[in-house]
> 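Submitted below is the structure of interest, expressed as structure tokens.
Please read these numbers as outputs of a predicted model, since none were measured by experiment.
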Amino acid sequence: MTQNTLPPADDAATPLSAVSLSPEEFDEIDTILDDLRQRFEETPQWEFCEGFMAALIVCRRAIPQAEYLAVLLDSGEDSDDAASGSGKPLGAFANAAQETRFLELWQRRWTDIEQGLAADIKSLDDERAYHPEVMDVRGAVAALPEEERAAMADEVLPSFAQVWAVGFMYAVENWPDEWAPPRDKEARKWLDDALQSLVALTEDDEDEPTLSVFDDEGVPTVSVSRFNAFADAVWAIYDLREMWCNIGPRVETLHKEALPGRNDPCHCGSGKKFKKCHGV
């Protein structure tokens with residue numbers, strides 16, 4: 001399975017231009033995350049959030065926002081600030097206004113990704129397709145002045161799309177029941193193949209770099225195999241969405257409480273046999 005075959009999104013849906021974040025708004029959400037990191041150092045980068053969000057969108061169960069934000073941005077701090085109006089801890093947010101703005105930008109990106117994954121596309125070059133917001137950190141560092149590059153010489157830089165894939169798998173690992181293999185043998189293979197495509201990106205790109213992804217004139221920092229693996233991972237997300245939509249939500253097994261035998265004493269304590277009391 002290599003491409004989404006679900007019906008396209010409703011033509012009456014909100015146009016992408018109305019929900020897509022501008023470069024300035026992506027910078028704004030980065031600034032909010034940087035500010036959160038001053039109070040809670042484990043606050044992730046946006047690329048991690050982007051992968052985490054994609055996993056939630058294609059997850060078998062629709063996980064409530066309060067549940068997943070507690071996992072993504074949990075600072076371990078509770079707040080009784082009624083001004084937030086969210087009914088959940090503010091955590092590391094500076095105030096209710098910052099939280100509100102973050103959630104507004106978050107929801108717009110969520111809708112944008114949903115529409116991209118619902119589009120009936122044949123190629124990832126289609127402008128309607130889901131285009132993950134990822135960085136080529138190695139390329140960005142390579143473009144820095146020599147003095148600044150030297151200062152970062154000892155830092156371990158992530159490979160292209162590695163942080164995005166780690167964010168995706170972080171969501172999978174936190175809700176394992178929602179990613180449990182389905183009974184259908186073919187669907188189980190689809191799930192395994194798709195997740196393996198994401199897992200592959202969590203590893204370092206150790207092949208020879210020959211591509212500069214975002215700058216044709218830049219220093220090559222990405223291998224051809226890595227770039228192809230990234231495309232496979234995006235298609236894998238389409239596959240996951242299609243698979244779970246076709247299978248449907250997980251059904252909890254109900255276990256009926258065992259009834260007493262007909263000649264056993266009734267459970268109500270009447271002293272009668274069950275068949276003469278509640279078993280009638």
> Could you tell me which non-hydrogen atom of R241 sits nearest to which non-hydrogen atom of V58, and how far apart they are?
CB-CG1, 3.7 Å
> Calculate, to the nearest 0.5 Å, the distance between atoms CZ and CG belonging to F48 and L72 respectively.
6.5 Å
> Can a donor-acceptor pair be found, under 3.5 Å and without considering hydrogens, that links the side chain of D112 to the backbone of R108?
no
> Quick check: does any side chain N or O of S159 sit under 3.5 Å from a backbone N or O of Q162, one acting as donor and the other as acceptor?
no
> Any donor-acceptor pair under 3.5 Å linking the side chain of R188 with the backbone of P181?
no
> For D232 and S197, does a side-chain donor sit closer than 3.5 Å to a side-chain acceptor?
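The answer is no; no qualifying pair exists.
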> Rounded to the nearest 0.5 Å, how far does CZ of R60 lie from CG of D177?
11.0 Å
> Please confirm whether the backbone N or O of L144 pairs with a side-chain atom of R149, one donor and one acceptor, at under 3.5 Å?
yes
> Heavy atoms, side chains only, cut-off 4.5 Å: are I121 and R128 in contact?
yes
> How far apart are the C-alpha atoms of M53 and W106, what are their side-chain angles, what is the distance that settles it, and do they pass the side chain to side chain contact (heavy atoms under 4.5 Å, CB included) test?
CA-CA 9 Å; M53 181 186 291; W106 175 276; 3.3 Å; yes
> Is there a side-chain contact between F93 and L73 (heavy atoms, below 4.5 Å)?
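Contact flag for F93/L73 side chains = yes.
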> Tell me, yes or no, whether the heavy-atom count around E42 atom CD, taken from other residues, nucleotides or ligands under 6.0 Å, exceeds 12.
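Open: at most 12 neighbouring heavy atoms sit under 6.0 Å from CD of E42.
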> List the steps and the verdict of side chain to side chain contact (heavy atoms under 4.5 Å, CB included) for W190 and D239.
CA-CA 7 Å; W190 283 356; D239 289 346; 5.8 Å; no
> Which atom pair, heavy atoms only, marks the closest approach of W244 to A180?
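Looks like CH2-O, 3.7 Å.
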> Find out whether V172 and C59 are in side-chain contact, i.e. whether some heavy atom of one side chain is under 4.5 Å from a heavy atom of the other.
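Side-chain contact under 4.5 Å: no.
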> Write down the atom of E28, the atom of L105, and the distance for their closest heavy-atom approach.
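Heavy atoms of E28 and L105 come nearest at CD-CD1, 4.0 Å.
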> Quick one: closest heavy-atom pair of R37 and T43, and the distance?
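Looking at all heavy atoms of both residues, the shortest contact is NE-O, 2.8 Å.
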> Membership question, hydrophobic clusters at under 4.5 Å side-chain separation (ILVMFWY): are W179 and Y68 in the same one?
yes
> In this structure, would L211 and V141 fall into the same cluster of hydrophobic residues linked by side-chain contacts under 4.5 Å?
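As far as the 4.5 Å side-chain criterion goes, V141 and L211 are not connected within one cluster.
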> For residues V224 and V219: do they belong to one hydrophobic cluster (side chain heavy atoms under 4.5 Å, members Ile, Leu, Val, Met, Phe, Trp, Tyr)?
no
> With a 4.5 Å limit on heavy-atom distance, are the side chains of F26 and P23 in contact?
no
> Tell me whether R138 contacts the main-chain N or O of V222 through its side chain, where contact means a donor paired with an acceptor under 3.5 Å.
no
> Can we say R109 and E25 salt-bridge, meaning some charged N sits less than 4.0 Å from an Asp/Glu carboxylate O?
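No, no charged N to carboxylate O under 4.0 Å.
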> Kindly determine whether V134 and E50 satisfy side chain to side chain contact (heavy atoms under 4.5 Å, CB included), including the steps that lead there.
CA-CA 8 Å; V134 298; E50 173 90 9; 5.5 Å; no
> Check this for me: does any side-chain nitrogen of one of K189 and E186 sit under 4.0 Å from a carboxylate oxygen of the other?
no
> Any side-chain heavy atom of D35 sitting closer than 4.5 Å to one from T31?
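Side chain of D35 against side chain of T31, heavy atoms only: no contact under 4.5 Å found.
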> Given 3.5 Å as the limit, does a donor-acceptor pair link the side chain of R226 with the main chain of L201, or not?
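Indeed, once roles are kept as given, a pair shorter than 3.5 Å links the two residues.
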> Grab the two heavy atoms, one from H131 and one from D126, that are nearest each other, plus how far apart they are.
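Closest pair (atom of H131, atom of D126, distance): CE1-O, 3.2 Å.
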> What is the distance from atom CG of L103 to atom CD1 of I29, rounded to the nearest 0.5 Å?
9.0 Å
> Check for me, please, whether I57 and I63 land in the same ILVMFWY cluster - side-chain distances under 4.5 Å, paths through other members count.
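Same cluster: I57 reaches I63 through Ile, Leu, Val, Met, Phe, Trp or Tyr contacts under 4.5 Å.
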> Would you give the length of the straight line joining atom CG of L157 to atom CG of D205, rounded to the nearest 0.5 angstrom?
12.5 Å
> I need the minimum non-hydrogen distance between D136 and T221, along with the two atoms involved.
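Minimum heavy-atom separation between D136 and T221: OD2-OG1, 2.6 Å.
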> Can you find a pair of side-chain heavy atoms, one from Q45 and one from L33, that are under 4.5 Å apart?
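When only atoms from C-beta onward are counted, L33 and Q45 do not touch, as no gap falls below 4.5 Å.
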> How about F230 and W164: are their ring centres within less than 6.0 Å of each other?
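Yes, the ring of F230 comes within the 6.0 Å limit of the ring of W164, centre to centre.
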> Is it the case that one hydrophobic cluster holds both V213 and M135, taking links as side-chain heavy atoms less than 4.5 Å apart, direct or via other members?
no
> Looking at side-chain heavy atoms only, is the closest gap between F102 and L36 below 4.5 Å?
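The answer is no, as the side chains (C-beta and beyond) never meet within the 4.5 Å cut-off.
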> Does N228 CG have over 12 foreign heavy atoms under 6.0 Å away?
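Check passes, neighbour count above 12.
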